[in-house]
Amino acid sequence: MSEAETPPVRTGRTITTNIPARLDRLPWSRWHWSVVIGLGTVWILDGLEVTVVGNIAGRLSESGSGLAISSGQVTGVAAALYVAGACAGALFWGRLTDRFGRRNLFMITLAVYLAATALTSVSWEAWWFFLFRFLTGFGIGGEYAAINSAIDELIPAAYRGRVDLLINGSFWLGAVGGSLLSIVALNTDLLAANVGWRLTFALGAVLALVILLVRRHVPESPRWLLIHGRDREAEEIVSGIERRVEAERGERLPEAEGELEIHQRKSVSFLEIARTVFGRYRRRAVLGFSLFIGQAFLYNAITFGFGAILTKFYDIPSDRTGYYFAVIAAGNFCGPLLLGKLFDTVGRRVMISSTYLLSGLLLFGTAWLFDRGALTAATLTACWCAVLFFASAGASSAYLTVSEIFPMETRAMSIAFFYAIGTAAGGISGPLLFADLTGTGRVRDTVLAFSIGAALMCAAGLVAVFLAVRAERRSLEDIARPLTAVASRAKAAARPVGGAPGSRGGGSGGPTAPPAASRP
């Protein structure tokens with residue numbers, strides 16, 4: 001539908017709809033893959049950004065790089081500013097995402113990222129580099145809120161866990177690419193010292209432009225449209241998806257079961273959001289904080305400095321650290337890829353708690369071996385690969401958790417808030433603290449950083465044992481009833497559905513649904 005054909009927004013009406021149930025009963029199709037590609041690939045760029053900066057820190061600090069900057073400033077100040085920008089961007093864009101729609105914001109935030117990373121590539125002073133690292137993070141932070149909201153609202157309930165984990169885990173595909181790209185960029189036989197690092201950021205801008213073009217074909221969330229008085233558009237989008245799926249499968253879809261009565265509203269106030277998240281769902285709020293603080297500190301505090309550890313403790317040349325990081329990045333991606341389905345089958349509570357606890361315990365073991373001097377660069381990398389195999393699945397599940405356990409009207413803001421607070425606690429203080437600890441060159445200081453990250457991951461895992469929500473295979477409206485739903489007429493929007501991507505008969509079957517919309 002073109003803008004000229006878009007009907008006027010009419011709020012204040014009460015409507016009965018089965019659109020959430022129709023979306024949840026869809027079998028996996030090529031259309032769902034188009035959503036994954038259009039929205040999920042941006043995390044590859046985030047992984048590329050973070051990894052490149054960590055790996056080129058040594059080269060940027062060398063004379064002839066074109067910047068008067070130290071390695072500690074790159075892995076400390078610049079890394080902290082990037083995370084600070086992401087936190088600020090998440091809060092700023094998150095509120096706009098809930099108010100003006102998922103699609104509008106995931107186009108704008110990607111454009112901000114594209115411009116900022118392109119300008120980073122032409123930095124001539126340290127302050128310029130710092131400024132545009134902040135603005136790059138500002139765009140990425142908005143992506144977290146807009147993308148996770150849109151994905152959860154477009155992907156059927158039976159696949160939501162594995163898809164969310166895979167998409168958030170794709171960050172590490174970008175990390176692999178960034179690691180290998182940094183090897184080329186730091187090779188002065190191929191590129192001058194003041195050129196290679198600039199080309200890596202320029203490439204990020206080019207990839208963002210490609211994703212922006214692909215993303216134009218991803219529709220607005222029908223769930224968001226329903227609540228904001230645009231039910232006619234929501235109906236047209238869902239009907240179009242159903243026609244495509246039926247044509248692909250060569251058979252009619254089963255009837256959707258479950259309706260929801262909604263009183264349409266234009267917006268929800270901050271006060272109502274706060275009352276909902278911290279009053280009605282306060283135990284879920286504790287869970288969200290715990291998961292984000294644990295994973296943010298481990299990742300932002302430690303992986304930002306992985307290259308510096310290899311250089312300082314094992315004398316690995318700065319232009320060779322990319323090989324080691326590529327290995328642990330591959331381990332990170334394999335975690336969500338291989339464990340993701342279990343979050344939909346074994347269940348959220350078991351998988352979230354076990355991935356956090358296992359990664360924390362393995363990290364304690366790594367710290368102990370590092371303290372004893374029992375590790376080489378290769379065996380340290382192997383240990384990290386094992387730690388991050390589980391930690392990556394756990395970290396991805398943090399985003400999944402906060403995007404599905406709060407009501408529709410607060411979803412993007414909830415993602416933004418928990419991401420910002422958790423990441424600020426571990427992601428801003430972490431790189432600054434860890435840069436100081438590794439900078440001393442003392443083994444025990446680095447062991448302390450490892451141990452802090454491990455302790456926070458274990459603590460978050462224990463919180464998940466008691467507070468994690470059994471959200472597997474349940475509709476979003478069942479997990480947390482929308483604030484706009486009419487209480488006396490609200491029904492489960494969808495029953496749990498079975499099958500795997502590509503299987504037949506996605507509309508029925510599976511276990512009985514857990515009790516609807518209660519606090520954990």
Side-chain angles (χ1 to χ4, degrees), residues 45-89 92 109-142 174 178-179 181-188 190-209 300-301 303-308 311-312 317-319 321-322 423-424 427-436 438-439:
L45 293 181
D46 192 15
L48 184 74
E49 284 283 331
V50 172
T51 308
V52 162
V53 171
N55 286 335
I56 67 174
R59 179 54 47 81
L60 278 174
S61 63
E62 296 173 1
S63 60
S65 70
L67 280 181
I69 194 170
S70 70
S71 177
Q73 286 178 311
V74 177
T75 59
V77 177
L81 284 172
Y82 178 85
V83 176
C87 294
F92 178 79
T109 53
L110 184 57
V112 170
Y113 165 86
L114 190 160
T117 197
L119 289 168
T120 302
S121 71
V122 295
S123 300
W124 68 88
E125 295 284 352
W127 68 265
W128 180 276
F129 183 81
F130 292 149
L131 172 63
F132 286 102
R133 289 307 295 159
F134 176 85
L135 292 177
T136 301
F138 190 72
I140 283 292
S179 300
L181 182 62
S182 67
I183 295 170
V184 177
L186 297 177
N187 189 335
T188 52
L190 299 176
L191 297 167
N194 64 342
V195 172
W197 67 268
R198 297 182 187 276
L199 290 180
T200 61
F201 289 111
L203 178 61
V206 172
L207 293 175
L209 179 60
N300 291 297
T303 58
F304 267 126
F306 183 70
T311 301
K312 189 170 295 291
S318 61
D319 61 351
T321 60
T423 303
I428 297 177
S429 60
L432 295 173
L433 172 64
F434 196 66
D436 288 340
T438 56

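All residue numbers refer to positions in the sequence shown, counting from 1.
- The two residues F134 and A84 make their nearest non-hydrogen contact at CE1-C, 3.9 Å.
- Taken from CZ in R133 to OG1 in T117, the straight-line distance is 6.5 Å, to the nearest 0.5 Å.
- Minimum interatomic distance between L135 and A116 (heavy atoms only, all atoms of both residues): C-CB, 3.7 Å.
- Among F201, Y82, W128, the one residue that satisfies the side-chain contact (heavy atoms from CB on, under 4.5 Å) test with T120 is F201.
- Between A205 and A118, the shortest heavy-atom distance links the atoms CB-CB, 3.8 Å.
- By the side-chain contact (heavy atoms from CB on, under 4.5 Å) test, A208 is found to be paired with L45, L110, Y113, L114, residues two or more places apart in sequence or in another chain being considered.
- Residues that satisfy the ring pair (Phe, Tyr, Trp, His ring centres under 6.0 Å) test with F138, not counting sequence neighbours, are F92, W93.
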